[in-house]
Protein chains: 2
Amino acid sequence: MTLNQLKVFVLAVRLGSMRAAAQALGVSEPAVSQALTALRQSLGDPLLVREGSGMVLTPAGRRVVGLASQMVNLAVEAEAAVRHAHGSPELIRVAATATVGEAVVPALLQAYTNRATNVEATLGIGTVQELAALLTERLADVAIGPRLSGPAAVGILSEPLQRYRLTFVAARSDPLTTNGPVSLARLREVDWLVDPSGTDPLSEVGQLLGHARVPESRIRVFPSQSAAWAAAATGTGIAPAVEHLLGATGHPGLGFVPVGGSPFPMFWYASMLSGDRTPATAIRLRRFLATPDALQAMYRTDGGVPASKFRPPVHVTIWN
Amino acid sequence: MTLNQLKVFVLAVRLGSMRAAAQALGVSEPAVSQALTALRQSLGDPLLVREGSGMVLTPAGRRVVGLASQMVNLAVEAEAAVRHAHGSPELIRVAATATVGEAVVPALLQAYTNRATNVEATLGIGTVQELAALLTERLADVAIGPRLSGPAAVGILSEPLQRYRLTFVAARSDPLTTNGPVSLARLREVDWLVDPSGTDPLSEVGQLLGHARVPESRIRVFPSQSAAWAAAATGTGIAPAVEHLLGATGHPGLGFVPVGGSPFPMFWYASMLSGDRTPATAIRLRRFLATPDALQAMYRTDGGVPASKFRPPVHVTIWN
DNA sequence: GGGCGTCCTAAGCTAACCCTTAAGCCGTTC
DNA sequence: GAACGGCTTAAGGGTTAGCTTAGGACGCCC
């Protein structure tokens, strides 16, 4: 029984599958399967067994998850305690969806670290489902993205962070931008150029695509929203866009697509563990989020932060 | 940071030295030093530093030791949870000093496991100082030996288990047994034949030897009390003896040595964590200890249990 | 039935853990 | 100063964790 095995186990339980856990941890699937095998062997219980589609906990597994989760949490706490005792910069770990993690959150975190000295921030990108699990396992202190709800989000408090408007853009030369209102059927016939969160069924864009029944073959995933825009500007297809991120003057070469009801008013939320489980570091960030500085940072379009530092590879990064 | 490293660290802190931790864990001293080095490195803090004679915790170490202890405890709990869910026999881990662990506790545990079905007992031998640490680290559920007190025993409840009388024996042919009352000075001039707890300064015999200022060169340690008796019967020297364990008829070849004040009335105690930290399994054993069956078992002289099972090697055994 | 998504196993590798013995360092103590 | 107890470092070796790629087993769904 190692702490790593316990972490893997808990994450597999919270995410409901080994595949998802592997993705969240950034490792191959057998790595997760094997860690679990080792844990099963050392405890002498299957812990987590397949049942039809999906997996269920054994009675022993049900008891162990809670204990394992506590152990993982304590390990994180121990590291934080050492940092604190050293007077080292406090570390805040933020997780976000791809859309908001591309520019908005980096700008936010830079503003925060500039203002509050002695704070260091890291950012990881994950799916909406992962955000909840990362928070409850204390692998992240704050999650920024859509509101977290449902059974995976018990004990998590989501509060509105910022209002934004979701629009749709295409090349100015594209008939979509000029031919008046676009029908639902038409939306299924064009290419959708999306950032990685487009493949996340719980993200804003993912939900939209699912709702409109856009076939997967029509979805083209780009490493970032701006890359999708660039592709839209020079080629064909429609790209979702956060209105104010396009820049005050609009994007040269791009025009708005008049999808019915757009621009859609939406909210980003900041989520963290509720009650006495809220990390101290999350509380401090939340205080900052209420300031005008934070609001202003979120409206900046430049990001203002070196991409190397705050733009991790396409998928999730988990911090050790 | 591994669970093993944390266990070593906590034990070193509780016992106040690496040497003691190594002995308690049954490993070499560098093994402990190394585990600690690895932990220090992974946390980036010395945790435990030398200060003159003895070691003190760094500020970070002070924070970490509590968290580490919790983690180790949770790991033990997880294993117990699996056993319980399986309907496996409940495991009770008893620690005792050498004197009482040689025959009394084995007989006690056999009576207990005979009566309470679905219970499995293991026994480890340790010094008095170790007993306290083993309990607080949940490496043992119940400790049997002298009363545990002092700073290392906070949170531990010791209650009297049985009264016994400490006497002294030597070969019948030895003048000590026949020449009337023995002076203190005389006690320092004879060989003392003791079980391993004779080297434990906090054990009953150890305290006695220390009080009487018996020089170490006069102390000969045997693997068990009965081995010491056998040596006394055929050679020279004096051996402490629990009166009722000599057998109703006395031991052939041995006679009592009239040490002033002997036989000394004393108590064995059963100790366990107090409050809500008391292991459920310890509570059940305690209930048994109050029964006549338990009393009777402690008075039996045969032990009644295969030595191989309940007589671990000379020193401590720690269970994983 | 065929495809697909998901989990498991196999094989091979690297790195870390954990143990040992032997020897060095540095306090305290006589 | 010499001896000693106690912690550390060094060197070496066995075992296990933990990762990968490749391939097999099984249930679900069209």
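Convention: sequence-line order gives letters A, B, ...; per-chain numbering from 1.
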Legend entry - Rounded distance [0.5 Å steps], CG in Leu187(A) versus CZ in Arg213(A): 14.0 Å
Inset, instruction - Report which part of the nucleic acid Ser33(B) touches: base, sugar-phosphate, or nothing (heavy-atom distance under 4.0 Å, all strands). - result: base
Inset, instruction - Report which part of the nucleic acid Glu29(B) touches: base, sugar-phosphate, or nothing (heavy-atom distance under 4.0 Å, all strands). - result: base
Legend entry - Atom pair distance, as rounded to whole Å: CG in Leu48(B) and C1' in dC7(D): 11 Å
Legend entry - Euclidean distance, atom CZ of residue Arg50(A) to atom P of dG5(C) [Å, nearest integer]: 14 Å
Legend entry - Between C1' of dC7(D) and CZ of Phe9(B), the distance in whole Å: 16 Å
Legend entry - Closest to side chain of Pro30(B), choosing from dA22(D), dT20(C), dC18(C): dT20(C)
Inset, instruction - Please report, rounded to the nearest Å, how far the C1' atom of dG18(D) is from the CD atom of Gln41(A). - result: 15 Å
Inset, instruction - For Ser28(B), report the nucleic acid contact type (base, sugar-phosphate, nothing); a contact means any heavy atom under 4.0 Å. - result: base
Legend entry - Side chains of Val56(B) and Val49(B) in contact at under 4.5 Å (non-hydrogen atoms): yes
Legend entry - Arg40(A) CZ to dC7(C) C1', straight-line distance once rounded to whole Å: 9 Å
Inset, instruction - Could you check how far CE of Met18(A) sits from P of dC26(D), rounded to whole Å? - result: 17 Å
Legend entry - Val27(A) side chain, from C-beta outward: closest of dT8(D), dG5(C), dT20(D): dT20(D)
Legend entry - Gln34(A) side chain, from C-beta outward: closest of dG6(D), dG18(D), dT20(C): dG18(D)
Inset, instruction - Send over the distance from Leu36(B) CG to dG6(D) C1', rounded to a whole Å. - result: 14 Å
Inset, instruction - Return the value, rounded to whole Å, for the distance between atom CD of Gln23(B) and atom P of dG5(D). - result: 14 Å
Inset, instruction - Apply side chain to side chain contact (heavy atoms under 4.5 Å, CB included) to Ile219(A) and Leu209(A), showing your working. - result: CA-CA 9 Å; Ile219(A) 300 176; Leu209(A) 295 178; 3.7 Å; yes
Legend entry - Gap separating the CG atom of Leu36(B) from the CE atom of Met18(B), nearest 0.5 angstrom: 4.0 Å
Inset, instruction - Indicate whether OP1 or OP2 belonging to dC18(C) is found under 4.0 Å from a side-chain N or O atom of Asn4(B). - result: yes
Legend entry - Donor on one side chain, acceptor on other, Ser69(B) and Glu137(B), under 3.5 Å: yes
Legend entry - Selected nucleotide, minimal atom distance to Gln5(B) side chain, candidates dC7(C), dC17(C), dT8(D): dC17(C)
Inset, instruction - For dT16(D), take OP1 and OP2 only and decide whether either is under 4.0 Å from a side-chain N or O of Thr2(A). - result: no
Legend entry - Nucleotide of dT20(D), dC17(C), dG18(D) approaching Ala31(A) most closely (side-chain heavy atoms): dT20(D)
Inset, instruction - Quick one: label Arg19(A) by what it contacts on the DNA or RNA (base, sugar-phosphate, nothing), any heavy atom closer than 4.0 Å. - result: sugar-phosphate
